[in-house]
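So the structure is just underneath, and the comments pick up after that.
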Amino acid sequence: MAVEAVRVDPAAGIAPGSALEFETVIGLEVHAQLLTRSKMYCGCLADYADAPPNTATCPVCLGLPGALPVANRAAIELALLTGLSLGCRIPGYNKLDRKNYVYPDLPKGYQISQYDLPLCAGGALTFVSGGVTRTAGITRVHVEEDTGRLVHRSEVGGEVSLVDLNRSGVPLMEIVGDPDLRSPEEAKDYLIALRQILRYIGASTGNMEEGAFRCDANISTRTRDGVLVGSKVEVKNMNSFRAVERALRFEETRQRAALSAGEAVPQETRGWVEDRGVTVSQRTKEQAHDYRYFPEPDLPPLDADAAMVATVRARLPELPLARRARFAAAFGLGEGDAALLTAEREIADTFEAAIGPEATPGEARAAANWILNDLMGLQGQRGLPPHVLPLSADQLRDLLSALAGGEMTARAAKELLPQVEPEELPRAAAARLNLLSLDDTGVVDAAVAETLAAFPAAVADYRAGKKAAIGRLIGETMKRTGGRARPDDVRRRLQAALDADG
Amino acid sequence: MALTDADVDHVASLARLGLSAEERARLRDQLSTILGHIEVLDRLDTAAIPPTAQVLPLINVLREDAPRPSLSRDEALANAPRQADGFFEVHAVLTGGPDAEEEAP
């Protein structure tokens with residue numbers, strides 16, 4: 001993208017205190033680790049997370065002389081799948097290029113990336129931000145490889161850097177967005193939607209803390225009348241969605257203040273410092289990067305032809321936004337509930353599998369409530385990842401049908417849930433824990449009689465016409481049955497007793 | 001083709017090489033000679049030839065996503081001039097490279 005010139009003209013006259021109308025322009029670059037088993041150009045394990053330093057390397061990813069790379073088909077296909085999910089054009093012919101620079105985490109002295117002919121180009125991401133549906137352009141999606149990892153350490157006699165090359169050659173894709181975003185919130189919501197898609201299609205874990213989903217941002221500021229225009233600033237080192245929003249908010253404020261004060265906003269790279277809540281200039285060499293890209297001579301070009309694209313397209317699942325709209329329309333769910341249920345593919349799958357294809361809106365809403373309130377609550381208590389529920393679809397189906405058939409009360413189910421063993425059906429667990437509904441009328445009648453005797457005031461109130469007093473009596477009777485009596489049964493028996501003796 | 005000292009300095013700095021004045025002069029002349037040899041290609045008329053990234057008639061040479069054994073750590077580090085705790089050890093790098101991400105130990 002062309003660098004915008006700084007045009008600050010003090011003579012343009014900014015009246016002190018006058019409110020300038022600013023516009024923020026943001027474009028995001030995302031690097032996502034592709035979910036493959038092996039690395040991009042060699043057979044070393046791509047999952048380096050738990051490997052001790054330098055135990056997942058070979059001559060290719062160590063950059064030893066004479067070693068030859070061969071591209072990983074799965075990585076190419078996952079990047080293609082990403083492009084298709086973002087509505088990109090697939091140009092067909094594409095190639096890999098060398099991006100040359102010298103740094104200790106890059107043993108070959110170049111990164112194999114894609115320069116002028118990427119795998120996918122010109123798509124769009126539709127996302128919801130602030131209740132409004134927005135669309136931002138996707139410039140391109142291309143494949144590349146990760147670098148090694150550097151660890152800095154103070155030693156006697158000075159500092160050293162330690163290099164772990166397990167990550168060297170791990171498959172990445174870069175998803176470059178058009179500068180279509182207009183606020184830090186939009187940037188955050190764009191990222192959340194993009195990450196959701198990558199997780200849905202199985203292209204990446206999207207885990208930001210583990211570095212599987214990284215974001216750099218370009219942000220510039222201008223006045224709507226175009227009189228004041230700041231240069232593009234690149235912001236790096238943001239390791240969470242919240243950090244992206246905070247860093248861009250800080251930059252937006254900083255750039256507006258500079259322009260308002262008649263100062264220039266120079267083009268530069270700035271790093272987000274999380275604990276101080278600021279961006280700081282990363283003063284690097286003045287000269288522009290000179291990567292001397294050229295076609296990778298060790299790898300033949302690629303042709304994502306019609307057959308390959310068709311094969312990959314067949315793997316495209318229903319995407320989050322479409323699924324959300326379908327859930328809202330088909331099951332009468334609110335937008336908020338539909339969004340929560342579809343945020344993770346696994347949870348949406350569990351929901352659909354549990355209710356089955358013939359579910360009525362009422363059944364669907366009941367299932368949604370159990371997932372959103374109880375199962376997600378339990379998920380949080382157990383520290384489970386956001387896509388893992390404490391119950392499987394089979395278990396949830398069993399629970400819902402037991403509830404619908406009156407075999408279990410809602411109160412008993414809430415008590416039951418934390419005690420259900422993995423793969424144990426809730427009916428079996430309820431039987432084990434004596435939480436199935438009471439069918440023994442003798443026990444219920446005894447509890448009713450006990451309650452009536454224990455709460456003469458409520459009984460008198462009811463008989464005096466305060467029918468609401470029955471609520472208290474129902475609750476007390478339920479308590480006496482350990483929550484296992486059916487509330488409607490209890491109500492009927494209480495009413496019968498109260499009205500008969502009245 | 002005659003390279004200038006500035007050209008040589010630029011390439012040397014990209015390659016993180018420190019050159020003495022004598023080395024710079026020698027490399028400037030040698031590199032100029034090499035480029036001169038290649039310049040012969042400029043005589044060819046390539047107007048009718050499409051640009052190509054590869055001269056081999058190969059396309060889509062891909063491998064299946066199957067892990068293979070890696071080298072042992074000792075093998076991986078065998079040629080390292082310096083190592084520590086299973087890492088390659090290098091001079092301290094203080095600022096990030098273009099795509100570097102750094103973390104404290």
Side-chain angles (χ1 to χ4, degrees), chain A residues 31 36-38 42-46 52-59 62 64 70-76 95 100-106 109 111 117 147 149-153 158-165 211 214 236-237 282-284 289-292 295 297 299-303 308, chain B residues 6-18 38 50-105:
Chain A
H31 283 88
T36 58
R37 298 171 64 209
S38 65
C42 63
C44 290
L45 280 176
N54 296 306
T55 54
T57 69
C58 74
L62 289 171
L64 299 186
V70 187
N72 184 337
R73 175 187 299 278
I76 301 293
K95 68 181 169 68
N100 301 278
Y101 65 92
V102 174
Y103 207 69
D105 62 11
L106 190 70
Q111 179 190 39
L117 298 173
T147 63
R149 183 175 67 101
L150 288 175
V151 180
H152 302 297
R153 182 186 285 180
E159 305 268 323
V160 297
S161 294
L162 302 176
V163 189
D164 170 14
L165 293 177
R214 309 168 210 160
K236 288 178 172 280
N237 202 29
Q282 293 185 332
R283 295 192 189 288
T284 46
H289 289 304
D290 182 354
Y291 292 124
R292 295 150 294 148
L299 289 164
L302 300 170
D303 183 14
M308 190 191 285
Chain B
D7 292 330
V8 177
D9 282 345
H10 177 62
V11 174
S13 97
L14 289 172
R16 303 286 190 274
L17 293 175
I38 309 280
T52 180
Q54 257 283 353
V55 293
L56 299 173
L58 295 172
I59 201 132
N60 291 347
V61 178
L62 300 167
R63 42 170 268 275
E64 295 310 310
D65 183 26
R68 293 170 57 175
S70 295
L71 295 177
S72 71
R73 180 149 77 186
D74 286 346
E75 288 171 313
L77 294 172
N79 295 322
R82 298 206 314 270
Q83 50 175 286
D85 303 335
F87 291 90
F88 296 90
E89 186 184 299
V90 297
H91 292 299
V93 249
L94 296 175
T95 56
D99 292 316
E101 66 160 24
E102 302 179 14
E103 54 184 76

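Remember, predicted model here, so these are calculated numbers, not experimental data. Below, chain A is the first sequence line, B the second, and so on; all start at residue 1.
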Using heavy-atom distances under 4.5 Å, tell me whether B:Q54 contacts chain A through its side chain, its backbone, both, or neither. side chain
Among A:A71, A:P295, A:P104, single out the residue with the greatest number of heavy-atom pairs under 4.5 Å to chain B. A:A71
Quick check on B:A66 against chain A: is it the side chain, the backbone, both or neither that has a heavy atom closer than 4.5 Å? backbone
Applying a strict 4.5 Å limit to non-hydrogen atoms, the region of A:L106 in contact with chain B is neither
Decide if atom CZ of B:R82 counts as having more than 12 heavy atoms of other residues, nucleotides or ligands within a radius under 6.0 Å. yes
Highest number of heavy-atom pairs under 4.5 Å with chain A among B:L77, B:L56, B:D85 belongs to B:D85
Keeping B:D65 on the side-chain end and A:T36 on the backbone end, is there a donor-acceptor pair under 3.5 Å? no
Option in A:R37, A:K95, A:M308, A:R292 with maximal non-hydrogen atom pairs under 4.5 Å from chain B: A:R37
Testing the 3.5 Å rule here: is there a donor-acceptor pair between the side chains of B:R63 and A:S38? yes
Heavy-atom proximity to chain B below 4.5 Å, by part of A:L302: both
N/O donor-acceptor pair under 3.5 Å between B:E75 side chain and B:S72 backbone: yes
With a 3.5 Å distance limit and no angle check, can you tell me whether B:R73 reaches the backbone of A:P53 through a side-chain donor-acceptor pair? yes
Under the 3.5 angstrom rule, does the side chain of A:N54 hit a backbone N or O of A:L165 as a donor-acceptor pair? yes
Would you say B:N60 and A:D303 are linked by a side-chain donor-acceptor pair, where the criterion is simply a distance under 3.5 Å? no
Heavy atoms only, distances under 4.5 angstrom: which of B:L58, B:V61, B:V90 has the most pairs with chain A? Name it, please. B:V90
Residue A:P301 versus chain B: region with a heavy atom under 4.5 Å: both
Please classify the contact between A:L299 and chain B as side chain, backbone, both or neither, with a heavy-atom cut-off of under 4.5 Å. backbone
